[in-house]
Amino acid sequence: MTSTGFGKGCHLHLIDGSAFIFRAYHALPPLTRKSDGLPIGAVAGFCNMLWKYISDQNGSNAPTHVAVIFDHSSKTFRNDIYPEYKANRPELPEDLRPQFPLTREATRAFNVACIETEGFEADDIIATLACQARDAGGAVTIVSSDKDLMQLVGQGVNMLDPIKNKAIGPDEVAEKFGVGPDRVVDVQALAGDSVDNVPGAPGIGVKTAALLINEYGDLEALLERAEEIRQPKRRQTLIDFAEQIRISKKLVQLDCQTPLDFSLGSLEVRDPESEALLDFLSRMEFRTLTARVAEKLGVEAPAVVSAPTSVAPAAPDLPVMGANGYQTLSDLAALDAWIDDIRETGHVAIDTETTGLDEMQAGLVGISLAVRPGDACYIPLAHVEGEGDLFGSGDRLPGQLETADVLSALKPVLEDPAILKIGQNVKYDWKILARHGISMTPVTDTMLMSYALNAGTHNHGMDELAERYLGHKCIPIKELIGSGKSQIGFAQVAIDKAAPYAAEDAEVTLRLWQHFAPLLSSERVTTAYETLERPMIPVLADMEMAGVKVNGDTLKRMSNAFAQKMAQLEEEIHQLAGEKFNVGSPKQLGEILFDKMSLSGGKQGKTGAYSTSADVLEDLAAEGHDLPARILDWRQVAKLKSTYTDALQSHVNPDTGRVHTSYSIAGAQTGRLASTDPNLQNIPVRSDEGRRIREAFVATPGHRLVSLDYSQIELRILAHVADIPALKQAFRDGIDIHAMTASQMFHVPVEGMDPMVRRQAKAINFGVIYGISGYGLSRNLRIPRAEAQAFINTYFERFPEIRVYMDKTVADAKEHGFVRTLFGRRINTPGINASGPAAGGARRAAINAPIQGAAADIIRRAMIRMHAAIRHLPAKMLLQVHDELVFEVEESAAEELIAAARQVMEAAAEPAVKLSVPLVVDAGIGENWAEAH
DNA sequence: ACGCTCACG
DNA sequence: GACGTACGTGAGCGTA
């Protein structure tokens, strides 16, 4: 060490204080000090982060010197260069500002140097200190993820992202900016920064900037030789904006010459002085942290006094949440005691914690169990060193039971038919456990119970249900893992934080079950729950785990072809427009079409933007304008590429080579499933180009894809429920239903019918299911509104039962607040008695729900029976698309499968409902989905 | 985060 | 007489 107290062998850690504060503020709910309501959340988070940081330091990277650097208010020299610098920063939240001084106080209480200088940004102070330390021969770690600090990296200076716990060295900087740390300022000067309001060069982003800098060496060389740039627009920009770019560089360049009135040596690490620190923490009323710090410092924690809690006591017959403390199980004897309890009780609420949300890839991190209110535990299995330890090794933390031991102890319980397993969205846990060889049965699901009771009223996530029905606010997951880019995995969450969260989930699930279970029968949805919801869990889990084979190479080829086509169209479009613009931006497009070219039909919506939707563009194209026609072509290709050929490739599971969607059972209001990650229920089929994407969905060699779909199922249900004799007879006779409708309406024979007339009747048939209006039909058919209304009137005259059905359904909804499907599914209609524009929508939704819902019920019933019906065949059910089921089957058994599956589907309503119309199922076979459909 | 647009039944 | 309007979904993109 040198005479100034800092030199070779020293390691200076510079903590970006503002980053800690903002991180703490946004990660935590708005906590207040109990005794006086002072907002304190950011201070609490700041203290936790700082304490963990300084108390977990050991090893070769540990600091010998440390400081926390803060910004000190307002104007800096950069505002003299460019008055607009940081001008568009949003105002500070009002509950954050008073916490700033407290974070300084906290830093001093922890006995860490607290640095700020009037008129200088923290970044410049950090830069100055880093330069001084480096020049003195020491090492520097900057604890921040701020990209503006990355220019300092190199030559003994590193950064550490405290959220991701990731070191940022020259390689990471190069990855982010495309250039080494020494050229970062050049790239930033060109690219600008919207957050700090650094102008940069218009139209040039980080990528282009890096490209240019790498080609010309540095910014000055680039600006001097700007004439040589090949792209005309880019060239002009650099010439025109050279001065602005130079100013930008001055704004982003950190200043290493900040005057400082202390020496590096004074930043030497000091132990906290326990009295001062504990005094501060107890004044803030941080109970947990006070206790933790006291323990570590080996002194007695001071009493933390505050006003008595004003939280209402829980219902007298129930203990409060977590009444008996949440146990963290770390030995097998304790687990055995829980298993005995579960066996005695006959049920258990279970929740799994995992590394991610994709059940096909997520690893098991822990399991929580609850048997009765107040009694819940957490079994950590795979937590790793991570949060809090900024130099965490990723090693599995000690004190955890082996996953294999725990699962083999639990397996007999989880598979015991006499023990009920209660979950919230238990399909998730079912799949996780299935991947560990456990087939959980029987299961029940509070999310699905809520769906059976409350569909249409609210969503059915745990937080929502806990708040509505238990009056309990769950610990937000964000508090543990953060959000956005800085999210960590659950495995990185410290066990003592994970345990209360996880155990709480199990307890909440148990309490929800106690709440909902008796309601099923009193609200008369037991049948719906037991026949339409609960049995779907293993059925869908099986389908999702099976996945469908998708040929990535085919998609890649298509992507390339689409990219070429897009580029070509883009060029044409720019030519037609007379200027370059972002074709994907509806805003820019609208301005070109309706302002610049003054085309008619420009309609501005509530945001003031012109609508450029397909039907608007189609109208314009029909008037003979080329530009809108080309845009439509471009949009189609862009959609196919981004949403399908590109995105689908990324969903191919590397282990299985297949795509595993996830079906949400309780997502749609009507009983339909919804498919996510990826959505396989909206793969293109209507256009020839789009349909080719289905060619990438293939059967494995020696197999075939088989698709079976219900023909006109919703119209058949309408014929049955509305009891429309003419429609029912037509379905019984198996005649063309749309032609029949047209014939009845327009008094023309079916034979030799004008296709146009049939098309109109078809539109009306579909419209009726949706609660038709003259306006809607006129838009759909592109006919005058009066004409559309006349059609509808005629339709209702020919089929008067439809109006009766609609009126009755709406009256039902108004009277009861819900409608039911044929199979007893309940769909609530909370908006039905509203007035105003929303009322129409609620009416139509109520009319549609029993029809769409019954169709959903029927295919669910078919799916539930399918497993047993095709068990003897080498076949698997893979996909459901509302009225279609897709199977994969050994080639030789394809016909047999079709016969068996068709039988199940056509009889799916029975015996619960005897439909007065037949259900008809069409089938197709192929090597891919395009052929099979 | 939100609106627009568009893919499906 | 005016108003806003077909039912149910999910995903990607641009914009703020």
Side-chain angles (χ1 to χ4, degrees), chain A residues 88 90 194-195 455-456 483-484 581-590 605-617 631-632 634-644 646-648 650-651 661-664 667-687 689-691 693-694 709-715 718 763-781 785 788-789 792 827 835-853 855-856 859 879-884 933:
Chain A
N88 55 7
S194 58
V195 178
S483 64
F581 69 102
N582 184 348
V583 184
S585 160
K587 184 167 173 275
Q588 295 178 28
L589 174 63
K606 54 188 163 203
T607 57
Y610 292 111
S611 169
T612 66
S613 60
D615 47 342
V616 173
L617 298 187
I631 298 278
L632 285 167
W634 183 90
R635 285 226 181 120
Q636 195 199 3
V637 181
K639 177 79 174 182
L640 293 177
K641 180 169 187 295
S642 70
T643 308
Y644 299 105
D646 286 352
L648 220 40
S650 71
H651 279 286
T661 185
S662 180
Y663 290 102
S664 54
Q669 321 273 311
T670 55
R672 275 196 179 177
L673 302 177
S675 159
T676 63
D677 307 303
N679 182 354
L680 296 186
Q681 292 181 321
N682 73 346
I683 303 301
V685 70
R686 292 174 189 170
S687 76
E689 282 228 292
R691 188 158 50 240
I693 288 170
R694 295 191 174 217
D709 69 288
Y710 284 108
S711 160
Q712 309 284 6
I713 186 166
E714 292 191 0
L715 219 41
L718 175 70
I764 298 175
N765 276 333
F766 277 110
V768 157
I769 293 169
Y770 302 144
I772 197 164
S773 74
Y775 178 86
L777 186 65
S778 78
R779 283 188 56 132
N780 190 302
L781 286 175
R785 201 177 146 170
Q789 191 56 54
I792 293 168
I827 297 144
S835 58
R843 262 187 79 249
R844 291 191 295 272
I847 291 167
N848 175 255
I851 302 169
Q852 189 180 112
I859 198 165
L879 302 175
Q880 189 247 46
V881 192
H882 308 308
D883 66 357
E884 173 189 9
H933 184 79

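All of these numbers come straight from a predicted model, not from anything done at the bench. Letters go in sequence order (proteins before strands), and every chain restarts at 1.
Among the protein residues, Ala638(A) comes within range of no part of the nucleic acid, since none of its heavy atoms lies under 4.0 Å from any strand. Among the atoms of the strands shown, only primed sugar atoms or phosphate atoms (P, OP1, OP2) are found under 4.0 Å from some heavy atom of Asp677(A). Residue Ala856(A) is classed as having no contact, given no heavy-atom separation below 4.0 Å to the nucleic acid.
Protein atom CG of Leu632(A) is 7 Å distant from nucleotide atom P of dC6(B), rounded to whole Å. Rounded to an integer number of Å, the gap from OH of Tyr644(A) to C1' of dC13(C) is 14 Å. Between Gln880(A) atom CD and dG9(B) atom C1' the separation is 10 Å, expressed in whole Å. Taking atom CD of Glu714(A) as the reference point, atom P of dC8(B) lies 16 Å away to the nearest angstrom. Computed from coordinates, the Arg694(A) CZ to dA7(B) P distance equals 13 Å when rounded to whole Å. The distance from atom CG of Leu648(A) to atom C1' of dC8(B) is 14 Å, rounded to the nearest whole Å. The nearest whole Å value for the distance from the NZ atom in Lys639(A) to the P atom in dC4(B) is 15 Å. Regarding Ile683(A), its CD1 atom lies at a distance of 11 Å from the P atom of dA11(C), rounded to whole Å.
For Gln588(A), the side chain to side chain contact (heavy atoms under 4.5 Å, CB included) criterion is met by Phe581(A), Asn582(A), Ser585(A), not counting sequence neighbours. The salt bridge (Lys or Arg N to Asp or Glu O under 4.0 Å) check on Arg785(A) picks up nothing, with sequence neighbours excluded. Considering only residues two or more places apart in sequence or on other chains, Asp615(A) meets the salt bridge (Lys or Arg N to Asp or Glu O under 4.0 Å) condition with Arg779(A). Remark: Ala668(A) engages Thr670(A), Arg672(A) in a side chain to side chain contact (heavy atoms under 4.5 Å, CB included) (not counting sequence neighbours). Shown here are the side chain to side chain donor-acceptor pair (under 3.5 Å) partners of Lys639(A), two or more places apart in sequence or in another chain: there are none. Residues satisfying the side chain to side chain contact (heavy atoms under 4.5 Å, CB included) criterion with Ser711(A), sequence neighbours excluded, are Arg716(A), Val920(A), Asp922(A). For Ser662(A), the side chain to side chain contact (heavy atoms under 4.5 Å, CB included) partners two or more places apart in sequence, or in a different chain, are Glu359(A), Lys427(A), Glu544(A), Thr676(A). The side chain to side chain donor-acceptor pair (under 3.5 Å) check on Arg635(A) picks up Thr612(A), with sequence neighbours excluded. For the side chain to side chain donor-acceptor pair (under 3.5 Å) test, no residue two or more places apart in sequence or in another chain qualifies with Asp883(A).
As rounded to the nearest Å, dT5(B) and dT5(C) have P atoms that lie 14 Å from one another. To the nearest whole angstrom, the two P atoms, one in dA6(C) and one in dC4(B), are 14 Å apart.
OP1 and OP2 of dC4(B) both lie 4.0 Å or more from every side-chain N or O belonging to Thr612(A).
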Any protein N or O atoms within reach of nucleotides 14-16 of chain C? Criterion: under 3.5 Å, listing atom names and distances.
residue: dG14(C); atom: O3'; partner: Ser585(A); partner atom: OG; Å: 3.3
residue: dT15(C); atom: OP1; partner: Ser585(A); partner atom: OG; Å: 2.4
residue: dT15(C); atom: OP1; partner: Gln588(A); partner atom: NE2; Å: 3.4

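Side chain of Ser675(A) to backbone of Pro678(A): a donor-acceptor contact under 3.5 angstrom is found. Of the possible polar contacts, none joining the Thr643(A) side chain to the Leu640(A) backbone as a donor-acceptor pair under 3.5 Å is found.
Base-pairing analysis of DNA chain C finds the following stems of at least three consecutive Watson-Crick or G-U pairs, with both pairing distances under 3.5 Å: B:1-9 with C:7-15.
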Sugar-phosphate or base contact per nucleotide [nucleotides 3-9 of chain C; S, B, -; heavy atom under 4.0 Å]
-BBBBBS

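Checking dC8(B), dC6(B), dA11(C) against every side-chain atom of Arg686(A), the shortest atom distance belongs to dC8(B).
Judged purely by distance below 3.5 Å, without hydrogens or angles, the side chains of Glu884(A) and His933(A) pair a donor atom with an acceptor atom.
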